[in-house]
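Each remark here refers to the structure printed beneath this line.
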Amino acid sequence: MNRKLRMGMVGGGQDAFIGAIHRLAANMDGLIELSCGALSIKPETAIASGKALFLPESRTYLTYEEMFKAEKVLPASERMDFVTIVTPNFAHFAPAMMALDYGFNVVIEKPITFSLEEAKLLDQKIKETGLILCLTHTYSGYPMVKQAKAMVREGKLGNIRKVWVEYPQGWLSKLSEREGNAQAAWRTDPTKAGKSSVMGDIGTHAAHLAEYITGSKITDVCAELNTLVEGRVMDDDGAVMLKFDNGSKGVLMASQVAAGEENALRIRVYGEKGGIEWLQHDPNTLIVKWLDEPTQILRAGSNYAHLSSFATHNCRTPGGHPEGYLEAFANIYRNFALTLGCKLDGLEPTPEMLDFPSVEDGLRGMAFIDNVVTSAHSDQKWTPYVL
């Protein structure tokens with residue numbers, strides 16, 4: 001590419017949380033520029049947000065429908081190349097489908113849609129159009145997560161036998177949705193969040209991480225969902241036993257009422273020869289535990305001879321300089337941008353560039369939510385994982 005990719009944004013105005021994170025991540029490598037936006041359903045917020053981001057008045061839109069129609073008729077040298085959708089769950093599908101209908105590539109927050117049925121329609125549309133959809137499962141962007149995946153793929157741990165993944169948070173330990181917390185309000189509202197609150201919000205991250213690192217697919221679940229804060233209408237805690245298609249077994253825990261926890265995502269994967277452990281609170285470190293050898297500590301940004309090309313491709317700073325959530329988020333945007341740039345230039349992207357979550361990951365995430373909810377309300381021990 002001899003220019004930056006032009007990004008539009010749906011949602012993410014001044015009254016939003018995740019929009020600023022997306023903009024920081026997209027901007028980090030100088031490959032993308034924000035060119036237009038429909039930044040809020042509130043006209044005054046949309047206009048104010050556009051001004052704050054120095055968008056032209058003519059490209060600060062009041063609705064995503066207006067934006068897609070206006071951008072489509074602009075000269076190819078001016079119109080946006082893709083749109084990022086950062087609205088709550090219930091408002092993902094319609095703008096994503098319309099963007100694809102108008103020929104725009106899409107980046108979208110997880111979970112991909114409000115329902116599994118909507119995810120299937122998006123998957124079908126992607127197949128029909130040949131466009132690219134990137135899903136921001138942030139934690140797969142960390143270099144040492146990619147190193148863990150490479151070690152499993154290369155057979156260094158032997159056949160995988162056991163997966164433990166846990167995601168405890170504490171921010172919903174009180175009835176915050178009734179105390180003016182807008183983020184809590186929509187995440188605990190079934191008309192906006194979907195079938196499950198805790199599994200839709202963070203359980204899908206844990207399930208994606210388990211499948212991403214192991215390269216195996218969940219085939220069966222045995223789940224329990226709990227609502228532990230009195231007065232809450234949706235689940236805020238849950239645990240799931242897992243079966244994978246390679247014969248391994250797993251346990252997944254997700255809770256947003258683990259008082260005192262921040263964002264303590266942790267995964268352990270064990271094979272015949274050893275295991276790996278990664279914690280989001282210490283993301284530059286991958287602990288490798290060998291059956292017959294001393295424990296090994298791998299670090300991002302150093303020991304490059306011991307790291308895979310997928311890990312080094314996503315390292316940004318020298319050893320000892322922490323890379324965190326924003327850098328992982330930016331890695332997803334960079335790989336998406338490099339892939340889209342290759343496509344626009346008629347080139348073939350490398351496997352490292354193509355390593356970002358796609359519509360398939362989104363479809364499996366929605367199936368995870370559906371199957372966990374089905375299992376939690378069933379008297380049957382195991383529920384087959386149905387797409």
When you group the ILVMFWY residues by side-chain heavy-atom contacts below 4.5 Å and let the links chain together, are Trp186 and Val233 in the same group? no
Taking the six-membered ring of Phe244, is NZ or CZ of Lys217 closer than 6.0 Å to its centre and within 45° of its axis? no
Quick one: do Ile18 and Leu24 end up in the same hydrophobic cluster if we chain Ile, Leu, Val, Met, Phe, Trp and Tyr together by side-chain heavy atoms under 4.5 Å apart? yes
Side chain to side chain contact (heavy atoms under 4.5 Å, CB included) filter on Ile47, not counting sequence neighbours, yields Lys51, Leu62
Measure the spacing between CD1 of Ile276 and CG of Leu286 and express it to the nearest 0.5 Å. 5.5 Å
Any donor-acceptor pair under 3.5 Å linking the side-chain atoms of Lys146 with those of Tyr212? yes
With a 3.5 Å cut-off and no angle check, do the side chains of Arg299 and Thr285 form a donor-acceptor pair? yes
Salt bridge (charged side-chain N to carboxylate O under 4.0 Å, His left out) pairs touching residues 240-262, sequence neighbours excluded, are none
Sidechain-backbone polar pair: Thr63 side chain, Glu66 backbone, donor-acceptor under 3.5 Å: yes
List the residues meeting ring-ring contact (aromatic ring centres under 6.0 Å, His included) with Tyr64, not counting sequence neighbours, and say none if there are none. Phe68
Would you say Tyr167 and Gln256 are linked by a side-chain donor-acceptor pair, where the criterion is simply a distance under 3.5 Å? no
With respect to Lys110, which candidate in Ile202, Asn89, Asp201 satisfies the side-chain contact (heavy atoms from CB on, under 4.5 Å) definition? Asp201
Less than 4.0 angstrom from a charged side-chain N to a carboxylate O is my criterion; do Asp29 and Arg316 meet it? yes
Judged by modelled atom types alone, do Tyr385 and Asp370 share a side-chain donor-acceptor pair under 3.5 Å? no
Does the Lys NZ or Arg CZ of Lys192 fall within the cation-pi geometry relative to Phe90 - under 6.0 Å from the ring centre and within 45° of the axis? yes
Less than 3.5 Å apart, any donor N or O on the side chain of Asp355 or His313 sitting next to an acceptor on the other? no
Derivation of the side-chain hydrogen bond (donor to acceptor under 3.5 Å, both in side chains) call for Ser309 and Glu352: CA-CA 7 Å; Ser309 62; Glu352 289 83 359; 2.6 Å; yes
Is the closest basic N to carboxylate O distance between Glu44 and Lys42 below 4.0 Å? no
Quick one: is the NZ or CZ of Arg79 closer than 6.0 Å to the six-membered ring centre of Phe104, and within 45° of its axis? no
Hey, are Glu33 and Arg6 close enough for a salt bridge, meaning a charged N less than 4.0 Å from a carboxylate O? no
Return the orientation label for the Trp164 and Tyr270 ring planes: parallel under 30°, perpendicular over 60°, tilted otherwise. perpendicular
A side-chain contact here means heavy atoms from C-beta on lying under 4.5 Å apart; do Thr219 and Pro384 qualify? no
Any luck finding a side-chain donor-acceptor pair between Glu323 and Thr317 under 3.5 Å? yes
Taking the side chain as everything from C-beta on, heavy atoms only, tell me whether Asn263 gets closer than 4.5 Å to Tyr139. yes
Answer yes or no: is there an ion pair linking Arg364 with Asp123, defined by an N-O contact shorter than 4.0 Å? no
Under 4.0 Å between a side-chain nitrogen and a carboxylate oxygen: does that hold for Arg3 and Asp81? yes
According to a 4.5 Å side-chain heavy-atom criterion applied to Ile, Leu, Val, Met, Phe, Trp and Tyr, with indirect links allowed, do Leu34 and Phe54 form part of one hydrophobic cluster? no
Report yes if the side chains of Leu53 and Leu39 come closer than 4.5 Å at any heavy-atom pair, otherwise no. yes
Could you point out which residue of Asp235, Asn181, Leu172 forms a side-chain contact (heavy atoms from CB on, under 4.5 Å) with Thr188? Leu172
Can you check whether Val251 reaches Val240 side chain to side chain, under 4.5 Å on heavy atoms? no
In terms of relative ring orientation, are Tyr333 and His22 parallel, tilted or perpendicular, with 30° and 60° separating the classes? perpendicular
